[in-house]
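Written below as structure tokens is the structure these notes are about.
Every value quoted in this text rests on a predicted model; they were computed, and no experiment measured them. As the structure lists them, so they are numbered: ligands from 1, and atoms in each ligand from 1.
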Amino acid sequence: MLQLCALMSHYPIIHLKSGKEKSLQRSHPWVFSGALHEDFKQFPEGSIVRVLDNKNNYLATGYIQYGSIAVRVLSFIDEIIDADFWIKTFQNSFNLRESIGLIDSKITNCFRLIHGEGDGIPGLIVDFYNGVAVIQCHTSGIYYQLDLIQNAIQTLLGSRVDAIFNKSKETLHGAIPDIENSCLWGSADNRIVLENNIKFKVDWTTGQKTGFFLDQRDNRTLLGSYSKNKKVLNTFAYTGGFSVYALMNGASHVDSVDVSKTAIDLLKQNMDLNAPESNNHQAEAKDTFVFFKEHEDLYDILVLDPPAFAKNIGARHNALMGYKRLNMEGIKKVKKGGFLFTFSCSQVVDSLQFNQIIMSAAIESKRKVKVIHRLTQPADHPVNIFHPEGEYLKGLVLYID
Ligand code: SAH
């Protein structure tokens with residue numbers, strides 16, 4: 001017992017200012033720098049600390065990050081962040097994916113295993129692609145735990161995993177000098193995954209994020225269900241998620257647009273993988289607005305899934321104006337009686353703001369517009385109820401007369 005107490009107290013302590021404990025008491029996993037009593041920069045970035053209130057009561061254990069969010073919480077129990085901690089935490093995440101049918105599914109072998117705060121691990125993403133676990137660290141605190149994280153993945157997934165790839169260069173370039181994306185274990189060559197029996201080649205080495213947008217799985221399924229005999233335009237198409245679903249569900253024609261040539265090349269490969277004989281699809285590497293200007297065609301279904309227009313609150317106003325302009329232009333391209341699938345993945349734009357901006361685009365368009373679905377991220381991208389900021393993906397399906 002004595003030994004246990006000694007272990008528990010070995011992390012350095014940082015105190016909150018008086019009255020700043022409410023947020024941690026409500027299990028919100030962030031501590032803002034202004035709430036701290038001591039200078040958090042006395043600790044190296046990434047180091048683990050115990051957070052106490054101003055009366056020395058324990059509140060949480062987390063890691064230091066230099067920025068406005070100064071501590072990100074890993075545990076609300078006074079415990080050691082060791083191999084057992086990571087295995088226990090990953091087990092919870094694994095159990096959820098098992099309960100929703102994603103582990104050992106016959107039709108889908110790619111899913112998100114760890115979704116940051118949603119799985120109780122701020123700063124960590126782990127995506128599973130047919131045997132390869134792709135890790136993305138968003139903070140140095142998580143990066144320093146990489147060995148234990150790798151161990152937890154191998155312990156939990158066993159023979160289901162044969163390679164682990166660390167894709168953290170883009171997210172950590174400022175914090176960890178000389179970091180490179182690299183295979184940590186096994187042979188992580190790009191491979192083909194199955195999502196609802198549809199094949200996609202995923203490229204985590206050069207692709208965006210961890211290689212694929214797993215968060216649109218359910219929304220792609222919905223689009224597929226409306227696609228039969230429809231003419232579909234998928235803008236911001238990336239590697240063609242929505243496009244392939246449309247085609248495989250009987251769309252009469254699919255056009256895809258993305259500004260990235262690399263993405264369009266992979267999109268074409270994905271079309272060929274699933275429908276090698278089909279000649280009713282086209283893809284262009286082009287800016288969406290330029291495409292809209294150059295083509296007069298109208299579509300039965302239009303998808304607008306742009307990258308996050310706002311990365312922080314300061315950029316929110318411009319982002320909202322960007323969504324308005326994009327959706328005004330988009331609505332013009334939809335036939336009478338057609339559908340618009342429109343999305344925002346900007347975390348700082350909430351669903352109310354998104355709805356309002358789409359409404360103002362609809363008003364300007366002078367069309368009759370009905371909301372028929374409100375969409376979000378799928379169950380393997382859970383939202384910690386104490387961290388509502390985690391609800392980042394918002395979508396509306398509009399029926400446009
Ligand atoms: N819907 C996709 C994911 C889209 S991610 C899927 O389900 O996989 C956003 C994409 O928008 C990226 O591929 C990026 O290259 C592209 N993009 C960014 N700006 C663009 C622009 N102005 N015009 C067209 N594509 C753009």
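When hydrogens are left out, the protein atom nearest atom 5 (S) of ligand 1 is F213 CZ, 3.5 Å; that is the closest non-hydrogen contact. For atom 4 (C) of ligand 1, the closest non-hydrogen atom on the protein side is F236 O, 3.1 Å. Scanning all protein heavy atoms for the shortest distance to atom 22 (N) of ligand 1 gives D287 OD2, 2.8 Å.
Of the listed options N270, L267, V259, D305, V259 places a heavy atom closest to atom 19 (N) of ligand 1. Looking at L223, T288, D258 and measuring to atom 10 (C) of ligand 1, the nearest heavy atom belongs to D258. Among R220, Q216, Q208, the residue whose heavy atom lies nearest to atom 7 (O) of ligand 1 is R220.
Taking every non-hydrogen atom of F242 and a distance limit under 4.0 Å, the qualifying atoms of ligand 1 come out as 1 (N), 7 (O). If you number the atoms of ligand 1 from 1 as listed, the ones under 4.0 Å from a heavy atom of S260 come out as 15 (O). Atoms of ligand 1 found under 4.0 Å from any heavy atom of Y238, numbered from 1 in the order shown, are 2 (C), 3 (C), 4 (C), 8 (O), 13 (O). Heavy-atom contacts of K286 reach the following atoms of ligand 1: 23 (N), 24 (C) (cutoff under 4.0 Å).
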How far apart are the C-alpha atoms of W185 and I153, what are their side-chain angles, what is the distance that settles it, and do they pass the side chain to side chain contact (heavy atoms under 4.5 Å, CB included) test? CA-CA 11 Å; W185 172 69; I153 292 172; over 6 Å; no
Show your reasoning for whether side-chain hydrogen bond (donor to acceptor under 3.5 Å, both in side chains) applies to E389 and H28. CA-CA 10 Å; E389 297 90 333; H28 192 286; 3.0 Å; yes
Salt bridge (charged side-chain N to carboxylate O under 4.0 Å, His left out) between K268 and D272, worked out: CA-CA 6 Å; K268 288 178 178 164; D272 287 347; over 6 Å; no
Before giving the answer on side chain to side chain contact (heavy atoms under 4.5 Å, CB included), spell out for I358 and V369 the whole-Å C-alpha distance, their side-chain angles and the decisive distance to 0.1 Å. CA-CA 10 Å; I358 301 303; V369 178; over 6 Å; no
Using the rule given for side-chain hydrogen bond (donor to acceptor under 3.5 Å, both in side chains), can you reason through Y143 versus S168, listing the C-alpha separation, both sets of side-chain angles and the distance that settles it, and then say yes or no? CA-CA 8 Å; Y143 180 74; S168 304; over 6 Å; no
Verdict with reasoning, D305 to T235, per side chain to side chain contact (heavy atoms under 4.5 Å, CB included): CA-CA 7 Å; D305 184 22; T235 64; over 6 Å; no
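Judged by the 6.0 Å distance and 45° axis criteria, R97 is not positioned over the aromatic ring of F128.
For C345, the closest heavy-atom approach to ligand 1 does not fall below 4.0 Å. Under a 4.0 Å heavy-atom criterion, V257 is not in contact with ligand 1.
For the pairing with R112, the salt bridge (charged side-chain N to carboxylate O under 4.0 Å, His left out) check across D380, D127, D215 returns one residue only, D127.
Counting heavy atoms closer than 4.0 Å to ligand 1, residue P307 contributes atoms from both its backbone and its side chain.
L267 and S243 make their closest contact through CD1-OG, 4.2 Å (heavy atoms, listed as atom of the first residue, atom of the second, distance).
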